[in-house]
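The structure appears right after this line, and notes come after that.
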Amino acid sequence: MNKEFIRKYRDLFGNESDDFFASLLKKRKRYFRLNKARDVDYLKELNSYKISATDIPNIFSYDEPNEIITNTISFLTGGIYIQNPSSVIPPMILSKLLGNKGIVIDVAAAPGGKTTALSEFSNRNMTIIANEPSSSRLKSLNFNIEKYGAWNINTISYDGRILHKKLPQIFDGILLDAPCSNENKIGYNDEVNKNWSIDLLNKMKKLQKEIILSSLQLLKPGGFLIYSTCTFSIEENEKNVEEILKENSDVELIDINENRFTKGISGNISIDDKVIRVLPHKSEYDGFFIAGLKKKGELIIDDKHEKNIEGTKINRFFPGHTFEGAFKSIDGLVFFQKENRVIEKIKFNKTGIKAGKIVKNELELSSQFLWEFGKFFNEDKKIYIEREIAIEFLSGFDINIEVDRDKNALFYENIPVGIVKNLGGVLKNKLDRYFLYGRGI
């Protein structure tokens, strides 16, 4: 392990330092987040993985048997997201502070773990804008929004340091998991270990502060900013918070710890008592820092959303269900999204998810829309299949089964698997190729 890193943290942790360094090298436990927004029993498929609940809602630990968990129906259809509990705490806190409503921006969103978690915690009630400055990482963000059915998310791509020049002051909440020195990975990532230095910490601290200052200008009075990193340095964490508070009289630190978590380690009690530290030698979870900032004033959340139930063509698939979002047709494609007039002047890279496409004046439903709303799908149109056949379908293959011609949706027990074109004897795979070729994004 990097010698300069060892010297720095031996001084900081003292008698605890040996335990701290050992924790960075130990084998990590596996966790996943359950997509609770869908109300689908994915855990039943995963019962052979020795699943245990954690103290973080919707997060489970698991042991992997012969089959890797990423080859399950639950993972392939967006029912679970591989994610450490530490990184779920920031969206959990922000969602609670806002009462699961409001307009929120995730400033550095890719690949989408925290963004989709925020969407799920709010039960799709929030209007979420996810920003990712990297064009390549934006692809993975858009992919995961589609896969996990997060139809209340819109994406943009700006440098976080200039967001205040691009966006209006309309946000009730901000999620900022800032780029950092990634010290949590230093025990198993050769690049992080090789590149670590005090100069890197100071460089990252400067970048983080610039992004925080830009982000704060987007907040409405009374709005909240949850700042987090996956690194240990006081420079990038408590010190940044301390400087922001000194230089911005309209910003205050709120107590998100409430004596429930490990506190800060800077020695400044006024900050340490209110922030959260997840330290790997004191927890099984990955290292993390989280702080909550509030712009002074009274927060008034405008929670009015527009409804535009454009196509009655979808009603035959979901009889009796009322959709809370809006359907929009663009060049024969139909999208489903959260409408909010407050944000309509913002130019987005992606809005909502694809609901399907119009073919010969009929709606051909997308598999991802079925994954999200399968609970409400027309029972008369369901085709129940075995698990092996479901995996075959999700690998891109047609299915040779003869069923009634008006049935077009595959289900494994209560888990929606995908949409097919029923040709009588052959169920032609209509899964977007996106979900086959985009897995490595």
Side-chain angles (χ1 to χ4, degrees), residues 8 12 89-91 93-94 97-98 102-109 114 129 131 133 156 158-183 197-258 261 263-278 288-300:
K8 177 179 174 63
L12 179 63
I89 298 174
I93 290 174
L94 183 58
L97 286 170
L98 294 176
I103 302 174
V104 174
I105 181 169
D106 187 343
V107 174
K114 295 177 189 66
I129 296 175
N131 178 62
I156 56 175
Y158 295 116
D159 186 318
R161 294 169 290 186
I162 62 168
L163 282 174
H164 63 288
K165 299 179 180 179
K166 302 293 183 180
L167 301 174
Q169 184 182 314
I170 60 170
F171 293 95
D172 304 294
I174 295 175
L175 198 62
L176 172 53
D177 186 50
C180 67
S181 58
N182 290 315
E183 290 173 329
S197 68
I198 298 296
D199 286 343
L200 175 64
L201 300 190
N202 292 328
K203 178 182 176 182
M204 298 311 299
K205 176 184 179 298
K206 179 177 182 293
L207 172 63
Q208 292 153 356
K209 187 175 177 181
E210 289 173 349
I211 299 174
I212 295 171
L213 289 172
S214 178
S215 300
L216 284 171
Q217 294 183 58
L218 305 179
L219 274 182
K220 292 161 52 177
F224 300 95
L225 185 152
I226 301 300
Y227 173 70
S228 63
T229 74
C230 59
T231 203
F232 304 113
S233 78
I234 293 170
E235 292 89 339
E236 297 174 77
N237 296 316
E238 292 94 342
K239 190 64 178 176
N240 253 337
V241 171
E242 182 180 8
E243 291 183 9
I244 292 293
L245 294 173
K246 283 181 178 179
E247 298 168 13
N248 297 269
S249 59
D250 63 337
V251 177
E252 59 185 343
L253 182 67
I254 60 172
D255 184 0
I256 60 170
N257 190 302
E258 299 176 329
F261 302 91
K263 297 181 180 181
I265 57 175
S266 70
N268 184 339
I269 297 175
S270 65
I271 291 176
D272 289 351
D273 284 354
K274 295 180 179 180
V275 301
I276 295 171
R277 280 279 191 170
V278 182
F288 234 75
F289 171 86
I290 310 159
L293 300 173
K294 181 179 185 289
K295 183 172 281 190
K296 293 178 181 177
E298 181 184 0
L299 180 61
I300 301 174

Do side-chain atoms of K205 reach the backbone of E235 as a donor and acceptor pair under 3.5 angstrom? no
CD1 (I256) and CD1 (I276) are apart, to the nearest 0.5 Å, by 4.0 Å
Inset, instruction - Would you mind reporting whether V241 and I244 have side-chain heavy atoms less than 4.5 Å apart? - result: no
For residues F171 and S215, determine if any side-chain heavy atom of one lies less than 4.5 Å from a side-chain heavy atom of the other. no
Note: K220 and I170 closest approach over all heavy atoms is CD-O, 3.2 Å
Taking every heavy atom of V275 against every heavy atom of A291, the minimum-distance pair comes out as CG1-CB, 3.7 Å
- [ ] Taking only Lys NZ, Arg NE, NH1 and NH2, and the carboxylate oxygens of Asp or Glu, determine whether K246 and E243 approach each other closer than 4.0 Å.
- [x] no
**Asked** So with a 6.0 Å cut-off around CD of E247, is the heavy-atom count from everything else above 12?
**Response** yes
Is any side-chain heavy atom of N131 closer than 4.5 Å to one of I129? no
Here the pair of heavy atoms bringing V104 nearest to L94 is CG1-CD2, 3.8 Å
Nearest heavy-atom approach of D172 to I300 is OD1-O, 4.0 Å
CD1 of I234 to NZ of K239, rounded to nearest 0.5 Å, is 9.5 Å
Note: K8 and I198 closest approach over all heavy atoms is CD-CD1, 3.8 Å
Are L163 and Q217 side-chain neighbours, meaning at least one heavy-atom pair lies under 4.5 Å?
no
Could you check whether any side-chain heavy atom of M204 comes within less than 4.5 Å of a side-chain heavy atom of P179, counting everything from C-beta outward? yes
### Task
For residues N240 and F289, determine if any side-chain heavy atom of one lies less than 4.5 Å from a side-chain heavy atom of the other.
no
Of all heavy-atom pairs linking I254 and K294, the shortest is CG2-CB, 3.7 Å
>> Before you tell me yes or no, could you show the steps for I265 and D272 under side chain to side chain contact (heavy atoms under 4.5 Å, CB included), namely the whole-Å CA-CA distance, both residues' side-chain angles and the distance that decides it to 0.1 Å?
In response: CA-CA 6 Å; I265 57 175; D272 289 351; 5.7 Å; no
Output for pair (F261 CZ, I93 CD1), nearest 0.5 Å, gives 5.5 Å
Value for CD1 (I211) from CD1 (I162), rounded to nearest 0.5 Å, stands at 11.0 Å
Item to check | Residue pair I156 / L167, side-chain heavy-atom distance below 4.5 Å | outcome: yes
Look at the side chain of N268 and the backbone N and O of S270, then say whether any donor-acceptor pair between them is shorter than 3.5 Å.
-> yes
Apply side chain to side chain contact (heavy atoms under 4.5 Å, CB included) to residues K206 and K209 and explain how you reach the verdict. CA-CA 5 Å; K206 179 177 182 293; K209 187 175 177 181; 6.0 Å; no
Looking at D273 and K263, is any side-chain nitrogen of the basic one under 4.0 Å from a carboxylate oxygen of the acidic one?
yes
Distance-only donor-acceptor pairs under 3.5 Å for side chains of residues 223-233, two or more places apart:
unit_1	atom_1	unit_2	atom_2	d
Y227	OH	Q208	OE1	3.3
Y227	OH	E236	O	2.7
S228	OG	D177	OD1	2.8
T229	OG1	T231	N	3.4
T229	OG1	N237	OD1	2.7
T231	OG1	S181	OG	2.7
T231	OG1	E183	N	3.1
T231	OG1	E183	OE1	3.0
S233	OG	E236	N	3.2
S233	OG	E236	OE2	2.8

Paired with S214, the side-chain hydrogen bond (donor to acceptor under 3.5 Å, both in side chains) test is passed by just one of K166, K165, H164, namely H164
- Task: Could you walk me through whether L293 and L219 pass side chain to side chain contact (heavy atoms under 4.5 Å, CB included), step by step?
- Result: CA-CA 11 Å; L293 300 173; L219 274 182; over 6 Å; no
Around atom NZ of K296, are there more than 12 heavy atoms from other residues, nucleotides or ligands closer than 6.0 Å? yes
For the residue pair L299 and L98, establish whether any side-chain heavy-atom pair is separated by less than 4.5 Å. yes
The side chain to side chain donor-acceptor pair (under 3.5 Å) partners of K274 (sequence neighbours excluded) come to none
CD1 (I105) and CG (L218) are apart, to the nearest 0.5 Å, by 6.0 Å
